[in-house]
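To start, the structure under review is shown below, and the notes come after it.
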Protein chains: 4
Amino acid sequence: MVLNMEKQKRQAILGKAREWISANGFSNFTMSKLAKFCGIAKGTLYNYFDNKEDLMVKVVEDRVVEIHREVDEILGGAQDAEEKLRSMIRQGLEFYRDNVDLLIVYANEVKIADCKFPSSATAHGRFLREHLDWFVSRFEQLLAGMGIKRERRLLAYLFHQSLENVMSFNMLFGRELDIDRDANLLYSFYFHGVEAFQ
Amino acid sequence: MVLNMEKQKRQAILGKAREWISANGFSNFTMSKLAKFCGIAKGTLYNYFDNKEDLMVKVVEDRVVEIHREVDEILGGAQDAEEKLRSMIRQGLEFYRDNVDLLIVYANEVKIADCKFPSSATAHGRFLREHLDWFVSRFEQLLAGMGIKRERRLLAYLFHQSLENVMSFNMLFGRELDIDRDANLLYSFYFHGVEAFQ
Amino acid sequence: MVLNMEKQKRQAILGKAREWISANGFSNFTMSKLAKFCGIAKGTLYNYFDNKEDLMVKVVEDRVVEIHREVDEILGGAQDAEEKLRSMIRQGLEFYRDNVDLLIVYANEVKIADCKFPSSATAHGRFLREHLDWFVSRFEQLLAGMGIKRERRLLAYLFHQSLENVMSFNMLFGRELDIDRDANLLYSFYFHGVEAFQ
Amino acid sequence: MVLNMEKQKRQAILGKAREWISANGFSNFTMSKLAKFCGIAKGTLYNYFDNKEDLMVKVVEDRVVEIHREVDEILGGAQDAEEKLRSMIRQGLEFYRDNVDLLIVYANEVKIADCKFPSSATAHGRFLREHLDWFVSRFEQLLAGMGIKRERRLLAYLFHQSLENVMSFNMLFGRELDIDRDANLLYSFYFHGVEAFQ
DNA sequence: CATGAATGAGTATTCATTCAT
DNA sequence: CATGAATGAATACTCATTCAT
């Protein structure tokens with residue numbers, strides 16, 4: 001049970017970290033501030049995490065584990081391909097809505113290091129890379145199921161980015177997220193292109 | 001000609017800065033490292049730029065000025081709307097090709113500050129924001145000319161991001177950029193959606 | 001007792017700071033030099049003081065708190081006005097004797113900022129200002145009690161400065177401080193003017 | 001005449017330096033700012049002055065030469081001793097009025113270095129020291145002429161400081177300088193002490 | 001003589017990490 | 001295991017001074 005306790009404490013710290021980062025952003029995040037926010041000593045953090053980078057990766061890790069589970073659920077379900085696509089859009093938007101601060105900030109911050117360095121040595125980079133590969137390969141199958149013949153990998157990536165782009169559009173241009181409306185919009189755009197908006 | 005010399009040196013420093021950032025990313029960029037990389041003293045940098053932020057903005061500024069000019073040229077030309085769309089895709093891809101490292105990295109880094117803090121006080125934030133507003137409003141007109149009735153602003157933003165997404169896809173997945181092929185792909189995707197790939 | 005240890009260390013640093021400043025002056029005082037002089041790391045200073053200004057204010061703060069207490073004791077006592085004046089002179093000279101280097105230097109340095117910029121935003125300036133106002137208003141009452149009818153504020157200020165002037169005279173002209181003699185001298189000068197020396 | 005030209009240029013630079021310092025204070029004074037303010041190159045300053053300290057001493061030097069001349073005129077005149085004292089007070093207040101920013105600031109800044117280090121190695125220190133010695137010894141003679149028997153040196157120094165103290169009182173407490181009134185006040189205070197204000 | 005670009009040591013401050021308790 | 005004081009390398013920026021032109 002000691003291990004279990006340890007795991008619980010780790011999770012508690014991660015929860016606090018998410019809370020802090022969502023409220024204050026990644027850039028100002030320091031180990032001291034986190035320790036104080038958790039009400040524990042700085043040194044204690046290092047009993048649960050190797051270093052800051054390790055902690056920061058784990059901050060998003062289980063969120064992504066969660067999304068992976070949900071994606072698998074959708075893709076493994078009984079819906080037809082288009083229904084699955086619609087479901088994934090909804091699920092993606094809901095996911096971003098629930099983790100919006102954390103994930104947008106994170107996604108961008110990681111990309112700094114990693115777009116530039118696909119073979120990046122940072123833990124961030126490796127982590128994002130794994131997630132992307134996982135997501136893209138799953139989504140390629142869906143596209144195959146929809147009869148898409150060409151460029152499935154690129155299209156899968158563009159799908160992944162589209163979700164984020166809608167979210168960042170809303171933030172940048174002060175538009176409220178409306179899951180129903182935006183899911184429909186995104187479906188139309190992604191499936192039929194802009195000509196659907198004529 | 002003294003002024004000219006000064007301008008040349010400023011440009012030389014900016015060139016070195018671009019080189020360094022392309023190779024190492026924005027996040028680790030420091031004035032000391034740049035000075036060493038340029039083979040000059042730290043203080044010298046401050047003879048040419050007010051401060052780090054000033055330098056970093058100028059690193060992208062003239063690149064963006066260039067793209068603005070080219071966009072205006074296309075949009076003000078005699079082509080019909082679809083031709084203009086195609087031209088903008090080509091121009092965008094070419095632009096990214098020529099400045100790929102710098103601009104993808106930059107776009108992402110700025111988004112960290114600015115998605116999270118849309119009213120960011122950083123020069124970076126203000127600069128990207130201006131560019132985005134400029135681009136989106138121009139592109140909205142083009143979409144209007146193409147008979148797009150709804151959500152033109154969102155669609156304009158998605159276009160802007162699509163170019164970047166194609167580039168980052170190529171980088172992340174080790175695919176070579178082929179302007180002809182990718183311009184056609186992007187046109188199909190953007191105009192007709194994924195169903196064009198069936 | 002941990003808090004006590006912290007307080008002790010803070011006091012130890014302040015003591016070292018006073019020692020350094022007394023030996024080398026305020027103008028050349030830097031955090032690096034102090035750290036080296038204390039035999040600790042630069043960062044450690046910042047565990048005990050918010051910043052340089054904070055430290056520099058605290059360097060004099062408790063000394064001045066001490067003098068305020070003593071002044072209140074004298075003024076609130078049972079002596080008649082002239083006796084109180086004599087006591088304050090003695091107390092002032094003793095105080096300067098015990099803190100001579102630090103306080104003379106400090107008083108002058110602050111005046112630079114504050115004569116020139118009376119509404120100075122520096123913590124130094126605010127601190128000296130408060131002290132001056134406090135002292136002058138207290139001393140005005142004493143002068144009133146002595147039957148002084150005009151220009152009490154100016155005379156109070158001149159008293160405050162006289163103490164410092166005697167000390168700096170001794171330092172500049174290599175004269176030994178003799179509390180009895182100098183207190184009498186100052187009393188005669190302040191109360192009767194130079195004609196008392198005829 | 002070359003030497004003359006050189007002297008003129010030196011004087012012109014000193015005038016500009018005084019102008020700048022009076023307006024902006026000593027603390028922010030830099031060689032670059034002065035050069036720009038003079039409309040000449042930084043390096044040129046070093047053709048006329050050995051270094052910054054040299055320049056800063058010369059900034060006050062001829063002002064003090066002037067006051068020395070005036071003091072000699074008064075002391076060498078036909079007035080009786082008390083009249084001479086009155087004249088010196090007026091002359092001192094007028095002098096401070098005309099050079100108030102420069103001299104108060106300077107006097108204080110120098111004292112930082114020099115109260116602390118009577119044997120200071122700085123040019124500032126040496127210069128102030130010389131001036132003080134000069135003034136005090138002259139004024140001692142005046143006091144002797146007034147029949148002052150004891151402590152003439154100290155009293156001379158206190159006189160010197162009194163002038164400055166009245167000026168700084170006016171600045172700190174927002175009181176307007178009134179030469180007639182303040183000269184009388186200072187005479188009363190210095191000659192008869194505070195009891196004259198009963 | 002005049003220039004002003006270049007220098008580099010120096011400033012205050014931050015923060016991930018360590019380690020003795 | 002928990003602590004948190006201590007560390008010191010790193011950061012952006014300044015400025016008196018030099019020297020090649």
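- Contact record, B:S32 with B:K42: OG-CD, 3.5 Å, taken as the closest heavy-atom pair.
- Among the protein residues, D:K33 comes within range of no part of the nucleic acid, since none of its heavy atoms lies under 4.0 Å from any strand.
- For the pair C:M31 CE and F:dC13 P, the computed distance is 20 Å after rounding to whole Å.
- Summarising the geometry, the separation between NZ on A:K36 and C1' on E:dC15 is reported as 13 Å, rounded to the nearest angstrom.
- Here the side chain of A:K16 pairs no donor or acceptor atom with the backbone of A:G39 at under 3.5 angstrom.
- Considering only side-chain N and O atoms, A:K9 lies nowhere under 4.0 angstrom from the phosphate OP1 or OP2 of F:dC1.
- Every residue two or more places apart in sequence or in another chain was checked for a side chain to side chain contact (heavy atoms under 4.5 Å, CB included) with C:K36, and none qualifies.
- Taking atom CE of residue D:M56 and atom P of nucleotide F:dC15, one finds them 13 Å apart after rounding to whole Å.
- Summarising the geometry, the separation between CG on B:D50 and C1' on F:dC13 is reported as 12 Å, rounded to the nearest angstrom.
- By the ring pair (Phe, Tyr, Trp, His ring centres under 6.0 Å) test, A:F49 is found to be paired with no residue, residues two or more places apart in sequence or in another chain being considered.
- Rounded to whole angstrom, the span from the CZ atom of B:R10 across to the P atom of E:dA6 amounts to 11 Å.
- By the ring pair (Phe, Tyr, Trp, His ring centres under 6.0 Å) test, A:Y48 is found to be paired with no residue, residues two or more places apart in sequence or in another chain being considered.
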For this session: Map every base of DNA chain E to its dot-bracket character, where paired means a Watson-Crick or G-U wobble contact with both distances under 3.5 Å and | marks a partner outside the strand.
Result: .||||||||||||||||||||
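- The CG atom of A:L34 sits 14 Å away from the C1' atom of E:dC15 (whole-angstrom rounding).
- The side chain of C:K52 lies closest to E:dA12 when the candidates are F:dT17, E:dT17, E:dA12.
- Remark: D:L55 CG to D:L34 CG distance equals 6.0 Å, nearest 0.5 Å.
- With sequence neighbours left out, C:K58 forms a salt bridge (charged side-chain N to carboxylate O under 4.0 Å, His left out) with C:D54.
- Between B:M5 atom CE and F:dA20 atom P there is a gap of 17 Å when expressed in whole angstrom units.
- Residues from residues 37-49 of chain A with heavy atoms under 4.0 angstrom of DNA chain E, sorted by number: A:K42, A:Y46.
- Looking at residues two or more places apart in sequence or on another chain, you find no ring pair (Phe, Tyr, Trp, His ring centres under 6.0 Å) involving D:Y46.
- Spacing between atom CD of B:E53 and atom P of F:dC13 amounts to 9 Å, rounded to whole angstrom units.
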